[in-house]
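The figures that follow rest on heavy atoms only: side chains count, while hydrogens, waters and symmetry mates do not. Because the structure is predicted, anything quoted here is derived from the model rather than measured. Sequence lines set the chain letters: A, B, ... in the order given, protein chains first and strands last, and positions in each chain run from 1.
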Amino acid sequence: MKVKLFSVLAEKIGPTIDLNLPDQFVAQDVLDQIKELHPDYANVLDQSLVAVNEEYTNDESIKLESVDEIAIIPPVSGG
Amino acid sequence: MKVKLFSVLAEKIGPTIDLNLPDQFVAQDVLDQIKELHPDYANVLDQSLVAVNEEYTNDESIKLESVDEIAIIPPVSGG
Amino acid sequence: MSIVKIVEEPIDVAGLTESLMHDEYGGIDTFIGTIRQFTDEVETEKIEYTTYKKMAEKEMHKLADIVLAKGMDVVMVHRVGELALGEVAVFIGVAAPHRAEAFENCQMLIDTLKKTVPIWKKEYDKDKIRWGGLGE
Amino acid sequence: MSIVKIVEEPIDVAGLTESLMHDEYGGIDTFIGTIRQFTDEVETEKIEYTTYKKMAEKEMHKLADIVLAKGMDVVMVHRVGELALGEVAVFIGVAAPHRAEAFENCQMLIDTLKKTVPIWKKEYDKDKIRWGGLGE
């Protein structure tokens, strides 16, 4: 599954990262997998949220089959 | 002493009204003199303030010799 | 840079907004008051504003000075004369380093202007003429 | 009438303000956020904004809909790409029958946009590059 990255993560790691996600998972699992691959960005990932199908997720369980698009959202800073 | 009038008072009575003010007076004296001359506008005058030299006055005593300009200020409604 | 005045001609909203843009301020809040067609059931056709101009500008400067003294930039322009529906009667703008103070001071300026600045409206409504601010 | 979008070209402040003028609304509040040169001691040279555009516009529409549902008109436009000092990054506008609700809702929109809409700034400061929003 290609996970979209933005901001500092996109610049350092790339616009997407390929992860092996199980059939059922939570947002933290996604962040943890990236942290393992890129421990240098643990600090940013600890402050990030996960969006599925362009909606923020929290602690709910996510079914892989329902995921069209998944993205990591670092702290936003528009305005 | 010519007293400036504005808004509904100017339209009904005229842009100024001539009053005989004593050497020392308070704002209410000015309003009372006009009320006597134009009892129809007592309601507006009861809601009005008096400005001397383009400054609002309250209950303070006013010396006629210090007055360059005097005006009746009905409730304002700009904006 | 601060612009504070009573005018008879149409208010140049774009130009006044532009005058508030400076590299040192990040947030600009503007309030634009226009002639509204309906106030509840009452339908307005036009409004005529009159003023005690010298005193009005003096009072407006007193208000602007409060905000200027805090290191912000300020625009306060009120139009007088006969205004049609939709026309701009008043433009207030505050440019500040941070947005919260821009909002707070812009709202303070329009709220206080409506209480202290000698400007009066004569409202030509469909049913009758109303003088603004007067209890009946 | 409501305009809600992310753009790459300069924001047309005058045109967007104009779009909020309707006979049925008497009060318009607008907030304009520009690129500020100094934040305390830090001197900024330019800012690059990036976005997750589809999601950002979705989040902006969620916010705009709250205000539209109250019978007001709304504009929310954020620019992305590289912006120079003084350029407009964001324009928020609310037109309402009465001014208090215009102020209140305009401020709510910009405050919430800054918390929920996926837009990020990369600040090129004189001393170093800073990523907005990140604790260090």
Side-chain angles (χ1 to χ4, degrees), chain A residues 1-19 21 26-28 30-35 37-60 62-64 66-79, chain D residues 4-7 11 31-36 39 44 47-63 76-81 83 88-92 106-124 128-136:
Chain A
M1 183 90 210
K2 273 202 195 316
V3 174
K4 284 177 185 279
L5 301 177
F6 294 98
S7 182
V8 61
L9 297 177
E11 186 160 309
K12 303 293 186 186
I13 300 174
T16 60
I17 185 168
D18 248 314
L19 299 184
L21 295 170
V26 293
Q28 192 58 48
V30 185
L31 297 168
D32 286 345
Q33 277 202 25
I34 304 174
K35 248 197 275 190
L37 294 165
H38 296 280
D40 285 1
Y41 304 113
N43 177 37
V44 178
L45 290 160
D46 284 343
Q47 302 176 58
S48 297
L49 295 171
V50 173
V52 167
N53 303 341
E54 299 153 17
E55 295 287 346
Y56 287 109
T57 60
N58 288 306
D59 302 330
E60 69 263 30
I62 301 155
K63 284 197 175 115
L64 187 61
S66 71
V67 178
D68 294 320
E69 196 166 298
I70 183 165
I72 308 302
I73 312 289
V76 304
S77 53
Chain D
V4 178
K5 62 183 177 184
I6 305 268
V7 299
I11 291 178
F31 175 77
I32 299 160
T34 60
I35 307 302
R36 186 177 55 218
T39 302
T44 298
I47 289 183
E48 193 186 334
Y49 287 96
T50 55
T51 187
Y52 180 11
K53 191 175 180 184
K54 277 188 304 176
M55 181 172 169
E57 291 189 335
K58 217 165 161 178
E59 290 291 324
M60 285 164 76
H61 274 290
K62 281 185 200 171
L63 298 179
M76 297 182 81
V77 178
H78 202 298
R79 184 175 171 197
V80 295
L83 275 74
V88 177
V90 62
F91 179 98
I92 309 281
C106 184
Q107 191 160 12
M108 180 279 284
L109 288 175
I110 178 67
D111 286 354
T112 316
L113 176 146
K114 281 174 165 270
K115 285 179 200 148
T116 66
V117 177
I119 297 171
W120 298 273
K121 69 174 167 187
K122 181 181 182 182
E123 208 175 280
Y124 292 81
K128 63 172 182 173
I129 285 171
R130 285 180 176 78
W131 293 90
L134 276 191
E136 291 187 23

**Student:** Would you mind checking which part of A:Asn53 comes under 4.5 Å of any heavy atom in chain D, side chain (CB onward), backbone (N, CA, C, O), both or neither?
**Tutor:**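 For A:Asn53, the contact with chain D is made by the backbone alone.
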
**Student:** Please say whether more than 12 non-hydrogen atoms of neighbouring residues, nucleotides or ligands are located less than 6.0 Å from CG in A:Asp40.
**Tutor:**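 More than 12 heavy atoms, drawn from other residues, nucleotides or ligands, come within 6.0 Å of this atom.
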
**Student:** Please classify the contact of D:Lys58 with chain A as side chain, backbone, both or neither, using a heavy-atom distance under 4.5 Å.
**Tutor:**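 It is the side chain, since no backbone atom gets that close.
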
**Student:** Among A:Lys4, A:Glu54, A:Glu69, which residue satisfies the side-chain hydrogen bond (donor to acceptor under 3.5 Å, both in side chains) criterion with D:Tyr52?
**Tutor:**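 When A:Lys4, A:Glu54, A:Glu69 are each tested with D:Tyr52, the side-chain hydrogen bond (donor to acceptor under 3.5 Å, both in side chains) holds only for A:Glu69.
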
**Student:** Look at A:Glu55 together with D:Lys62 and state whether they make a salt bridge at an N to O cut-off of under 4.0 Å.
**Tutor:**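 Yes, charged N to carboxylate O under 4.0 Å.
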
**Student:** Given the options D:Thr116, D:Thr34, D:Ile92, which has more heavy-atom pairs under 4.5 Å with chain A than any of the others?
**Tutor:**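 Looking at each option in turn, the highest pair count goes to D:Thr116.
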
**Student:** Kindly give the heavy-atom pair with the smallest separation between D:Pro118 and A:Val76, and that separation in Å.
**Tutor:**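 Scanning both residues completely, I find the closest heavy atoms to be CA-CG1, 3.6 Å.
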
**Student:** Any side-chain heavy atom of A:Val8 sitting closer than 4.5 Å to one from D:Leu134?
**Tutor:**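 Contact flag for A:Val8/D:Leu134 side chains = yes.
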
**Student:** Show the nearest heavy-atom pair for residues D:Gly133 and A:Pro75, with the distance to one decimal.
**Tutor:**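 Looks like O-CB, 3.3 Å.
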
**Student:** Examine distances only and state if a side-chain atom of D:Trp120 and a backbone atom of A:Pro74 form a donor-acceptor pair shorter than 3.5 Å.
**Tutor:**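 Indeed, once roles are kept as given, a pair shorter than 3.5 Å links the two residues.
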
**Student:** Could you state the interatomic distance from CD (D:Glu59) to OH (A:Tyr56), rounded to the nearest 0.5 Å?
**Tutor:**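 The CD atom of D:Glu59 sits 5.5 Å away from the OH atom of A:Tyr56.
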
**Student:** Sort D:Lys121 into side chain, backbone, both or neither according to what part of it lies under 4.5 angstrom from a heavy atom of chain A.
**Tutor:**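 Contact with chain A is through both the backbone and side chain of D:Lys121.
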
**Student:** With rounding to the nearest 0.5 angstrom, report the OG to CH2 distance, A:Ser77 to D:Trp131.
**Tutor:**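 Interatomic distance, A:Ser77 OG to D:Trp131 CH2, rounded to 0.5 Å: 9.0 Å.
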
**Student:** Taking the side chain from D:His78 and the backbone from A:Gly79, do they hold a donor-acceptor pair closer than 3.5 Å?
**Tutor:**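 Judged by distance alone, yes, a pair lies under 3.5 Å.
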
**Student:** Is any side-chain heavy atom of A:Phe6 closer than 4.5 Å to one of D:Thr50?
**Tutor:**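 Heavy-atom side-chain distance check fails, nothing below 4.5 Å.
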
